[in-house]
Protein chains: 2
Amino acid sequence: MSRASRRPRLVDVAEHAAVSLATASRALAGRAGVSAEVADRIRQIARELGYVANPYARTLAGGATSTVGLIVHQVDDPYFAEIAAGVIQLAAEQGLLVQICQSGRDPDYELHQLRHLIAQRVGIVLISGSGYDDPRMESAARAELAAFQDHGGRAAAIGRHALGVDAVLPDNEAGGHALAQHLMDLGHRRIAVAAGSAGLTTVADRLAGVSAAVRQRGRSPVDLAVVHSAFTRDGGRAAAERILNEHPETTAIIALNDVMAMGVLSTLRSRRVPVPARMSVVGFDDVSVAADLAPSLTTIRLPMTEMGRTALTLALKPRTTRPRRRPTGHLLVVRDSTGPAPTS
Amino acid sequence: MSRASRRPRLVDVAEHAAVSLATASRALAGRAGVSAEVADRIRQIARELGYVANPYARTLAGGATSTVGLIVHQVDDPYFAEIAAGVIQLAAEQGLLVQICQSGRDPDYELHQLRHLIAQRVGIVLISGSGYDDPRMESAARAELAAFQDHGGRAAAIGRHALGVDAVLPDNEAGGHALAQHLMDLGHRRIAVAAGSAGLTTVADRLAGVSAAVRQRGRSPVDLAVVHSAFTRDGGRAAAERILNEHPETTAIIALNDVMAMGVLSTLRSRRVPVPARMSVVGFDDVSVAADLAPSLTTIRLPMTEMGRTALTLALKPRTTRPRRRPTGHLLVVRDSTGPAPTS
DNA sequence: CTAGGGTACGTAAGCGCTTACGTAAGCGCT
DNA sequence: AGCGCTTACGTAAGCGCTTACGTACCCTAG
């Protein structure tokens, strides 16, 4: 290996400016104790030299850690991809770097990743994905995050509320309610839900909204069948199979997220069930491809990219005594996958 | 803030094991100079204490940097999301963390991100996205990577070959050739290409394959119209508009990637052009949603996730004098978006 | 004119690790 | 027995920063 000149260090800047290390450090950090003109000169020289602080030295010496750890289930799931895009965007604007981990939807592995991230001394942890109904499932992660914050770390959650940290939370219940309402308005009376794994709060909340809407419909009762499966495309396929087999009279399927809806549509296509003529389908999230599916998907729009940005914003603000909660808006987007209930 | 006990440090491990810092360090790094039994004892104690080396201290002291920087255009573009998923997967298996950056398809910003990553002292840089025809566009990045490697950094590229580093490269030309061949076999003689920005090697290569296939068809000549636009869904929409307006006799559109194809399909849908009855459409990449589009997309399959893994694998191997090139397989996947040319 | 206090800067002590070098013990060889 | 070599370990010098503390200096008030 050749050895081109090494990167400039802080001493180089200090020497050029004829000041001490401490002064140079203070000037570049923008801290008090340096006269304005000296600080300007130092910054100028640093720029000319192309000086960039070594983050390892900086962090080791007790400075701020400038990296944010982001945990998602799967980056190539469009829901998480959009969240990640938002986080990365804002991080770049702030000069932060983001370390990304996939939990693969496995709570144990997720905990492992969380520990790993903290062990790697990231300054901020952002965790997305659904929480678990059973509080014991969350308690380990919760404890880990609490200890992390006690050591000065900052954390925020996206779409989960039981972690004891700031969170940005969509109103899953209202969204579920709106979907069911939309279908009932179209005359559907036999509705099936392709739900994600039982035990997930996201599933429970969205489902609760659906049930509530159905229950409010006192007269002309509605049949509601719930089939649990994985929150993935294949999960959606499996759920649709079961719905077609076990609840053949169903006229509308509520998939609890868009990725499942894609699986549902796929199964309906291969089973030659016309959508929406014979079966209406709705999703949840409005991932960007939802509009391009066959047929385009009626769904609840969540501002994923913005959610990612908001979560980082929360984590960047000084911590409050009680965890903050930022609600996100949501919107029913009606497209071509829903239509009037077939008159059998 | 409470101060729960600090994380264990190497001295703690050393003390418990009654050895020196140096010995503990060697044992945990698996380096020579420690007897097997002592090394085992040290590792055992480290495990019990839950010791995890501080990566900042380790790196500062000259140890290996264990973080890989990944540059993509946009994480929520499915092509890049799948690459990222592969990189993150393998990195996790290897105990590495990945820092991810978005270049937003802007060569200047990409260079900025590259510099930032290197300034942050990542150990490995992986760069994806298309290269540029004009070698001067790549030269700055190339120089940056060369200097980086001279300082012991490792780098690999995904889908770009002019960077002077190891690369995993799909055969874009053969893919383009296969697509054109497929359409000509179906009887299409007026083909339009919805190409990404001119100046991108990926575009040029795929286009070259298309042209070659058309040229080889000596008898029964084929009209080929090329429309350049952005490598995005909106770019696909715009290209399709122009094709419909300026080349109304077109019977098949080759979108040079799937994301553009999504835009093309979207435009055809709103313009009520039946696919494939009136117009065949093909894409390139086979992103996971390609099968769920309306209609499902005929395309060239590239193993994106595997490409991500391969790139990291290359970077992890000791460097060779000449940059290595790993070809990737590709496969024509025929679905419902292509059909026989309409007999006008 | 001097005590007290603020400001601007320098000195030096780490942060937690890796590693070059030093040393003592054990080995085989002449 | 004495030599040199290897092996196993310890000592200590950094890596490039931040920051507590120390020291000039200047300004104001008494």
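Residue numbers start from 1 in every chain, and the chains themselves are labelled A, B, ... in the order their sequence lines are given, proteins ahead of strands.
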How many angstroms lie between atom [atom1] of [X] and atom [atom2] of [Y], to the nearest 0.5 angstrom?
X: B/L145; Y: B/D150; atom1: CG; atom2: CG; answer: 11.0 Å
X: A/T328; Y: A/L169; atom1: OG1; atom2: CG; answer: 8.0 Å
X: A/D76; Y: B/I88; atom1: CG; atom2: CD1; answer: 9.0 Å
X: A/D166; Y: A/R326; atom1: CG; atom2: CZ; answer: 8.0 Å

Within-4.5 Å side-chain heavy-atom neighbours: [X] and [Y]:
X: B/H16; Y: B/E48; answer: no
X: A/P323; Y: A/V165; answer: no
X: B/E110; Y: B/I127; answer: yes
X: B/L97; Y: A/L117; answer: yes

I need the single residue from B/F231, B/Y79, B/F80 that forms a ring-ring contact (aromatic ring centres under 6.0 Å, His included) with B/H73. Which is it?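 Between B/H73 and the candidates, ring-ring contact (aromatic ring centres under 6.0 Å, His included) is satisfied uniquely by B/F80.
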B/R41 to B/A17 - nearest heavy-atom pair and separation: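 The answer is NH1-O, 2.6 Å.
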Among residues at least two apart in sequence or on other chains, which ones pass salt bridge (Lys or Arg N to Asp or Glu O under 4.0 Å) with A/R115?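 Testing A/R115 for salt bridge (Lys or Arg N to Asp or Glu O under 4.0 Å), a comparison that skips the adjacent residues, returns A/E144.
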Looking at residues at least two apart in the chain, or sitting in another chain, which of them share a side chain to side chain donor-acceptor pair (under 3.5 Å) with B/R309?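 Checked B/R309 against side chain to side chain donor-acceptor pair (under 3.5 Å); matches are B/Q89, B/E93.
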Tell me which residues in residues 8-22 of chain B put a heavy atom below 4.0 Å from DNA chain C, sorted by number, or none.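 DNA chain C contact set from residues 8-22 of chain B: B/R9, B/L10, B/A22.
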Which of residues 25-48 of chain A sit near DNA chain D, with a heavy atom under 4.0 Å from it?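 Those residues whose heavy atoms fall under 4.0 Å from DNA chain D, taken from residues 25-48 of chain A in numerical order, are A/S25, A/R26, A/R31.
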On DNA chain C, which is the earliest and which the latest nucleotide, 5' to 3', with an atom closer than 4.0 Å to a heavy atom of chain A?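 Contact span on the strand: C/dA8 to C/dG16.
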Difference in axis direction between the ends of the helix from C/dC1-D/dG30 to C/dT30-D/dA1, five pairs, 10°: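 Overall, the helix from C/dC1-D/dG30 to C/dT30-D/dA1 bends by 50° from one end axis to the other.
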